[in-house]
Amino acid sequence: MHRVYNFSAGPAVLPEEVLQEAADEMLDYRGTGMSVMEMSHRSAAFDEIIKTAEQDLRDLMKIPDNYKVLFLQGGASQQFAAIPMNLMKNGVADYIVTGQWAKKAYQEAQKYGTVNKIASSEDKTFSYIPDCSDLPIDDNADYVYICENNTIYGTKFQALPNTKGKTLVADVSSCFLSEPIDVTKYGVIYGGVQKNIGPAGVVIAIIREDLISETPPVENTPTMLAWKTQADAKSLYNTPPCYGIYICGKVFKWIQKMGGLEAMQKHNQEKAKILYDYLDESKLFQGTVRKEDRSLMNVPFVTGDKDLDAKFVKEATAAGFVNLKGHRTVGGMRASIYNAMPIEGVQKLVEFMKKFESENA
Ligand SMILES: *Cc1c(COP(=O)(O)O)cnc(C)c1O
């Protein structure tokens, strides 16, 4: 067997132990004589899988009882519509646009109401997080929206915006479970799991109960997109992405075993420091993001020479460091170093970068 160091932004690396365990259970899940893939979502075995997954996530994130945890489908992108549909009672929302994903969410919300762009970092290719301490929040805003970690550009909100009492909605797709957070500061926390938690096909939404209306305020919201439908059915209104939820559950157990979110944060800080310290001293490679806004998860960097970038990506791939090509809108390289990337992966990448630098000086 041959495994590479996978720096993909998503779908992304998963803990090897989790994959091994899933392989061991593939043909016969714990004496049921079948795979989780073959199992009814109404079976006792699956009921235990989804309930345990939810409880483990609640324990890890210390989610208060007045928040629902939903396992949904349609990707984070589907929630770009579901969020305004479920929350726009006044028909107004404020968006902070710090990257492509926030921009897509902002554009989608415009279909359902009045949407204000109250801050943006597009003027400098989204390479920083704007000052969000005193923004022109609309008195009628139903919520303030952020993308907390910008997967493509490699920035992260180090402090949450001052929403002046309005509900905060956050897309945490690429920083989910990377560090402890205070759930009570948010109305809605959601993300696709394929960046840091599990296989593509599952979205987790953590929603304060009072934000789940009996009937969504936007007329003709599809039944499947009404959070009420999913909350009442405990994520089992229709067939959920069973196998994906099962893998997420295993990743939750793995994080618990690693020491929980405090330990994850420490592990992620150590890994990111190795890479950023090198980028700061390198004469060949530079980080593309304002230092104080750097993400622990996605690290974009460039040489400033397109041909040299391409040569680096090619040689890195041949050496077993894969998916380092940057997003097409930024160019250069991007190393995504999610929870499951071991520290050795980052150490070896930096050794490889140093060697490349000395050979291409
Ligand atoms: C990947 C990503 C998305 C899109 O996720 P899909 O599940 O493909 O819809 C949205 N937001 C962020 C921050 C992402 O990283």
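Order of listing sets the numbers, starting from 1, for every ligand and every atom in it. For clarity, every value in this text was computed on a predicted model and none was experimentally measured. Note: hydrogens, waters and symmetry copies are ignored here, and every other heavy atom, side chains too, is used.
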Original post:
Does S77, backbone or side chain, put an N or O under 3.5 Å from an N or O of ligand 1?
Top reply: yes
**OP:** Identify, by atom number and element, the atoms of ligand 1 in contact range of G75, meaning under 4.0 Å from any of its heavy atoms.
**Re:** 7 (O), 9 (O)
Original post:
Is there a heavy atom of G10 sitting under 4.0 angstrom from any atom of ligand 1?
Top reply: no
Subject >> F321-F352 aromatic ring centre distance below 6.0 Å >> reply: yes
Original post:
Aromatic rings Y29 and Y246: how do their planes relate, parallel, tilted or perpendicular, breaks at 30° and 60°?
Top reply: perpendicular
Original post:
Considering all heavy atoms of both residues, which atom of P64 and which atom of T184 are nearest to each other, and what is their separation?
Top reply: CG-CG2, 3.8 Å
Subject >> Atom indices of ligand 1, in the order listed, that fall short of 4.0 Å to a heavy atom of T151 >> reply: 12 (C), 13 (C), 14 (C), 15 (O)
Original post:
Going by the order shown, which atoms of ligand 1 are within less than 4.0 Å of some heavy atom of C147?
Top reply: 13 (C)
**OP:** Can you pull out the closest protein heavy atom to atom 11 (N) of ligand 1? Residue, atom name and distance to 0.1 Å, please.
**Re:** D171 OD2, 2.6 Å
Original post:
For atom 14 (C) of ligand 1, which protein heavy atom lies nearest, and how many Å away is it?
Top reply: K195 NZ, 2.8 Å
Original post:
Which pairs with one or both residues in residues 198-217 pass salt bridge (Lys or Arg N to Asp or Glu O under 4.0 Å), sequence neighbours excluded?
Top reply: K68-E209, R208-D210, E214-K228
Original post:
Counting only heavy atoms not in E219, do more than 12 fall under 6.0 Å of its CD?
Top reply: no
Original post:
Got the closest protein heavy atom to atom 8 (O) of ligand 1, with its distance?
Top reply: Q194 NE2, 3.4 Å
**OP:** Tell me whether the guanidinium CZ or amine NZ of K124 lies under 6.0 angstrom from the six-membered ring centre of Y128 and within 45° of its axis.
**Re:** yes
Original post:
Can an N or O of A76 be found at a distance shorter than 3.5 Å from an N or O of ligand 1?
Top reply: yes
Original post:
Just by distance, do the side chain of D142 and the backbone of V92 share a donor-acceptor pair under 3.5 Å?
Top reply: yes
